[in-house]
Amino acid sequence: MATIIALNAIVIGLETDMASFPYWDMIENAFLAIFMAELFVQIYSQGRSFFSRNHPDLLWNIFDVSVITLGVIDASMSTCLHSSHGSPATLFRIIRLLRIMRIF
């Protein structure tokens, strides 16, 4: 999963430099789908303990849910507003970059 997170960070950086590339939204939605699938598998496999106070990765689990939720909001806003560039979308992408902290 660390490779996927690093690739996503690279794509976000490239999107900043090459904003005219027409497939960024599709690529970002693919990353979001991968992260959502991983989250659903974790929640399904761990059940209620995923959010248990005794879980050793509770803070990371909350962080992952928050970042993925913001990604879904970003994708929804981009679809509804027919724009992937703007202050809310940019803010959500910056927050998604924080996911790279999960690697370390």
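Note that this is a predicted model, so its numbers are computed, not measured.
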- request: Go through N8 and F35 one step at a time and tell me if the side-chain contact (heavy atoms from CB on, under 4.5 Å) criterion holds.
  value: CA-CA 10 Å; N8 186 223; F35 293 138; 3.6 Å; yes

message: Please determine whether residues Y23 and I4 belong to a single hydrophobic cluster, defined as Ile, Leu, Val, Met, Phe, Trp and Tyr linked transitively by side-chain heavy-atom distances below 4.5 Å.
response: yes

- prompt: Can you hop from M18 to F31 via hydrophobic side chains spaced under 4.5 Å?
  reply: yes

message: How long is the straight-line distance from CD1 of I10 back to CG of L14, given to the nearest 0.5 Å?
response: 7.5 Å

message: Please enumerate all residues that pass side chain to side chain contact (heavy atoms under 4.5 Å, CB included) together with T69, with sequence neighbours excluded.
response: V65, I73

message: Give me the atom names and distance for the closest heavy-atom approach of Q42 to F50.
response: OE1-CE1, 3.3 Å

- request: Report yes or no: does T16 contribute a side-chain atom to a donor-acceptor pair with the main-chain N or O of I12 at less than 3.5 Å?
  value: yes

task: Using the rule that two of Ile, Leu, Val, Met, Phe, Trp, Tyr join whenever any of their side-chain heavy atoms come within less than 4.5 Å, decide whether Y44 and M1 are in one cluster.
output: no

message: Looking at F40, I'd like to know if its CZ atom is crowded, meaning that more than 12 non-hydrogen atoms belonging to other residues, nucleotides or ligands lie closer than 6.0 Å.
response: no

- prompt: Is I62 isolated, or which residues cluster with it under the ILVMFWY side-chain rule of less than 4.5 Å, directly or via members?
  reply: L58

task: Please check if F21 and V11 belong to a single hydrophobic cluster, counting links between Ile, Leu, Val, Met, Phe, Trp and Tyr side chain heavy atoms closer than 4.5 Å.
output: yes

message: Working note: N61 + Q46, criterion side-chain contact (heavy atoms from CB on, under 4.5 Å); need CA distance, chi angles, decisive distance, verdict.
response: CA-CA 11 Å; N61 292 346; Q46 296 177 23; 4.2 Å; yes

task: Indicate, with yes or no, if M26 and M36 share a hydrophobic cluster defined by side-chain heavy-atom contacts under 4.5 Å among Ile, Leu, Val, Met, Phe, Trp and Tyr.
output: yes

task: Mind checking the CD-CD1 spacing from E38 to I43? Nearest 0.5 Å is all I need.
output: 10.0 Å

- prompt: CG of D25 to CG of D74: how many Å apart, nearest 0.5 Å?
  reply: 8.5 Å

field: Nearest-0.5 Å distance that lies between atom CZ in F63 and atom CD1 in I68
entry: 10.0 Å

message: If you compare all heavy atoms of A75 against all heavy atoms of L32, which two are closest, and at what distance to 0.1 Å?
response: CB-CD2, 4.0 Å

